[in-house]
Structures are given as structure tokens and as C-alpha cells.
Protein chains: 2
Amino acid sequence: MAGPERNSRHARIDYGLLPGLIGYQVRQAQIAIFRDFTANLADHDMTPTLFGTLVLVEANPGLKQADLARALQLDRSTVVTVIDTLEHRGLVERKRAVDDRRSNAVTLTNAGERILTMLKPLVTDHEARLVKDLDAGERTALVAALGKIFPDRR
Amino acid sequence: MAGPERNSRHARIDYGLLPGLIGYQVRQAQIAIFRDFTANLADHDMTPTLFGTLVLVEANPGLKQADLARALQLDRSTVVTVIDTLEHRGLVERKRAVDDRRSNAVTLTNAGERILTMLKPLVTDHEARLVKDLDAGERTALVAALGKIFPDRR
DNA sequence: ATTAAAATGGTGGAGTTCCAACAATTATGA
DNA sequence: TCATAATTGTTGGAACTCCACCATTTTAAT
């Protein structure tokens, strides 16, 4: 109960107005989450974007790249790179879309299905660590509040 | 009250397990926030990282680059680039640290002080848009919940 | 039916970030 | 003390993402 001593040898700094900014708090959380995600899935060389793409393609076989871009808020040119990566790994395939000759229909390969089945429990573990200090109500409120930030995002 | 019609011509897709993942929700919110931030401050060519750096240097004159890296969860090499950018714009200065010859002491220039004074109201406007659909209790709970995600982040 | 506008996948270039390695300096331990 | 550890700023290389632009194709408007 003595003074504000710290064992840390690092300077304790003044964060100014940053802690009051939602943008700052979301960014800091996102950095920490990304770090834990990639560390936990390092054996599979997987990022949140690649994983999210696999999930969306599984749930929507034949999904078009532009739909993927909108769903993940990525540029269409970024999706080109993402699908290239997954295709080179043999996890997805580009097929010609029958209803629109501009589009590619993206589907999971069998290998993609297998990998995704392996990844899901690892992501569940990662998520459990994220929320380990939150009770169910806090979790629900967090998701609800995040969803109200720019609800018209596209 | 008819069926689930939509005026959108875009495919409504199945997001699978993504909406239940905190990591996904934080990422999507962060993308939307970053987009609004940079659009709102486009005249000043300012990013959240550059702004956060200016705020921390103002609040902690003579801050060392390594402390900045820890505070913003950036790699030390990234901070080199960030300070280079701000120094080239004449907003900060590197000085030799008197107590540790390995370190640089970073300070704001007068121009940096002036710019930061101009930026703060713009960031306040941006923040107001972020939280416009949240009441005070939701805001507080959001910040508290985000702070409980990897509270030992460094 | 024809023309104008919008959407799609893709390329090239740029910005931001990380990691691995390095020399210089400081801190720690035997 | 003195040898070893750790820390600091920096560089070079890579990964991820965006923007501007393009040709092809589809949609909308006249």
C-alpha cells in the first residue's frame, strides 16, 4: 500500500487524450488480437484475412471475389492477392462464373475443407483467450457496441 | 412485411461463424474507423499512428523511440519510419538523449504544436461520429471491455 | 436497339508494418 | 572488475493493403 512503485524499468508515460478515444482503444485491441491469432496459428501460416476468406467461401460456395471484398471490407485488388495465395496453397479454386463472365466463382478444394476443419478449433481456443476476462454480458455488449460503430459500413 | 427482399443488388452472403468472433468484430470496426479517420484528416495527410505519435510526444517531451514503440505496440523499426516522416514534415525533432547515448529524445517543433492544435478538433469530430449510436453507458462499457482483452499487452 | 454508365478481375506502384540482423551502448552477474 | 546480457536505433527484405488505372462484361438509360 506504499506509493505508486513499479517493477518495470520502462518509463511510465502520459498517454494524453489517447485512452479516451474509441479509435485508439479498438486499434490497440486489434493489434493484440492479431498477434495472438497469428502466433496461435503459426504452424499453418494463417492470418485473420486468410481464415475469414476460407470461412466465407465454405459458407458460400462459388462466392465471387467482389462479394468477398465487400464482406471483409477489402479492396478488390487485395482479394486478388488473397485468392492467389490460397489457390497456390491448393485450398481454393477459381472457376468461371456461369451467370457473369466478368466474375470468378471461388470454391474450397478438398484440401481447403480439411485445413479449415483443423483451423476452427485453434481459432476457438484463441477466442477463448480473448474473452477470458469478460463475462457473458460483457461479451454480448462488446459485440453489440462494435456493431453500432459505422453500422452502414460496406 | 413481405419476404426478405432487399433493394441491394449485391449477394446477401452467409457469414458463417465470423459474426460470433470478437476478433472479426474488432477488425471490421477498426477498418471502418481507420477509413473515417483518414478521410476526415485527408487535408493533413494524417494517419492514426502519426496522430498518436504527436499526442504522445506532446505529453512526454523527450520521449524515446523505444518507449513510443511500446506505447503504441509498434516495432522499433516502424517507429524509425514514423519519426522520419514527422521529422521530414518538420513536426518533430530528434535530439541526443543526455542520459543514454543509445537513445533519441523526440520533441515537438513549434510547427508540430500548431498542427496538433489544429488536428485535435478534427479527431474529436471523428470520434463523435464513431459513437453517435452509442449512449454514455455503452461507450464506457466498450472501452472497459476492450481494455480487458489481453490486459498485459505490451 | 444503342449508347452511356457501372461492375469485375487484374496490374503496377506506393505506404505501412513486421522480422532478422547489426553496431553501439548500457546493465547485470560472477 | 570484467565478461556477458539486454537495450537502442537502424537497415534491408518481405508481407499486406490501398489507390489509380485498364480491358472485359453487364446493367441502365434514352
Side-chain angles (χ1 to χ4, degrees), chain A residues 7-11 27-28 30-32 34-39 42 45-53 62-89 92-106 154, chain B residues 7-11 27-28 30-32 34-39 42 45-53 62-89 92-106 154:
Chain A
N7 339 22
S8 172
R9 58 214 157 294
H10 297 142
R27 171 69 173 149
Q28 293 302 304
Q30 201 262 318
I31 291 174
F34 185 93
R35 206 193 316 283
D36 189 83
F37 185 101
T38 52
D45 199 17
M46 192 61 42
T47 63
T49 294
L50 294 177
F51 176 76
T53 298
L63 190 64
K64 291 161 189 172
Q65 294 179 200
D67 292 326
L68 206 37
R70 275 184 290 270
L72 296 179
Q73 294 191 94
L74 297 174
D75 192 85
R76 290 199 315 279
S77 62
T78 302
V79 173
V80 172
T81 305
V82 169
I83 300 299
D84 280 350
T85 299
L86 295 174
E87 196 171 39
H88 286 141
R89 294 187 192 179
V92 305
E93 277 179 344
R94 283 176 166 102
K95 299 177 183 170
R96 217 180 290 307
V98 290
D99 57 322
D100 187 339
R101 286 182 299 176
R102 295 170 301 183
S103 302
N104 294 330
V106 183
R154 192 180 354 173
Chain B
N7 338 22
S8 171
R9 57 215 155 294
H10 297 144
R27 171 69 173 148
Q28 293 302 303
Q30 201 262 318
I31 291 174
F34 185 93
R35 205 191 316 284
D36 188 83
F37 185 102
T38 52
D45 199 15
M46 191 62 40
T47 64
T49 295
L50 293 177
F51 175 75
T53 299
L63 190 64
K64 290 161 188 170
Q65 294 180 199
D67 292 327
L68 206 38
R70 275 185 289 269
L72 295 178
Q73 292 193 93
L74 297 173
D75 192 86
R76 290 198 316 278
S77 62
T78 302
V79 173
V80 173
T81 305
V82 168
I83 300 298
D84 280 349
T85 300
L86 295 175
E87 197 171 38
H88 287 141
R89 294 187 191 179
V92 304
E93 277 181 341
R94 283 176 166 102
K95 301 175 184 171
R96 217 179 282 311
V98 290
D99 58 322
D100 186 339
R101 284 182 300 175
R102 294 170 300 183
S103 303
N104 294 330
V106 183
R154 193 170 350 174

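Letters A, B, ... mirror the listed sequences (proteins, then strands); counts begin at 1.
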| Expressed in angstrom and rounded to an integer, what is the separation of L72(B) atom CG from dC18(C) atom P? | 10 Å
| said: Does the structure show a Watson-Crick or G-U wobble partner for dA5(D), both distances under 3.5 Å? Name it, or say none. | reply: none
| message | From CZ of R70(B) over to P of dA6(D), roughly how many Å is that when rounded to an integer? | response | 15 Å
| remark: chi for dA20(C) classified (syn = within 90 degrees of 0, anti otherwise) as anti
| said: The criterion is salt bridge (charged side-chain N to carboxylate O under 4.0 Å, His left out); which residues satisfy it with R89(B), sequence neighbours excluded? | reply: D45(B)
| message | Just so I know, are the side chains of T53(A) and V79(A) near enough to count as touching, which here means a heavy-atom distance under 4.5 Å? | response | no
| field | Nearest-Å distance for atom pair CG/C1', residues N104(A) and dG10(C) | value | 10 Å
| Protein-nucleotide distance (F37(A), atom CZ; dC18(C), atom P), rounded to Å | 17 Å
| Are I83(B) and V92(B) side-chain neighbours, meaning at least one heavy-atom pair lies under 4.5 Å? | yes
| said: Just N and O in the side chain of R94(B): are any of them under 4.0 Å from OP1 or OP2 of dT10(D)? | reply: yes
| Rounded to whole angstroms, how far apart are NE2 on H10(B) and P on dT27(D)? | 12 Å
| request: Would you please name every residue forming a side chain to side chain donor-acceptor pair (under 3.5 Å) with S77(A), sequence neighbours left out? | output: D75(A)
| field | Separation of dT11(C) P from Q65(A) CD (nearest whole Å) | value | 11 Å
| request: Return the set of residues passing side chain to side chain donor-acceptor pair (under 3.5 Å) with Q65(A) (not counting sequence neighbours), or none when no residue passes. | output: R94(A), N104(A)
| message | Can you measure K64(A) atom NZ to dG10(C) atom P for me and round it to whole angstrom units? | response | 14 Å
| query | Taking protein heavy atoms under 4.0 Å as touching, what does nucleotides 14-26 of chain D look like 5' to 3' if B marks base contact, S marks sugar-phosphate-only contact and - marks none? | reply | --SBBB----BBS
| message | Taking salt bridge (charged side-chain N to carboxylate O under 4.0 Å, His left out) as the definition, give me every residue that meets it alongside D100(B), ordered by chain and number, with sequence neighbours left out. | response | R102(B)
| Complementary nucleotide for dA7(C) - Watson-Crick or wobble, under 3.5 Å | dT24(D)
| said: Applying salt bridge (charged side-chain N to carboxylate O under 4.0 Å, His left out), can you list everything that pairs with E93(A), at least two apart in sequence or on another chain? | reply: none
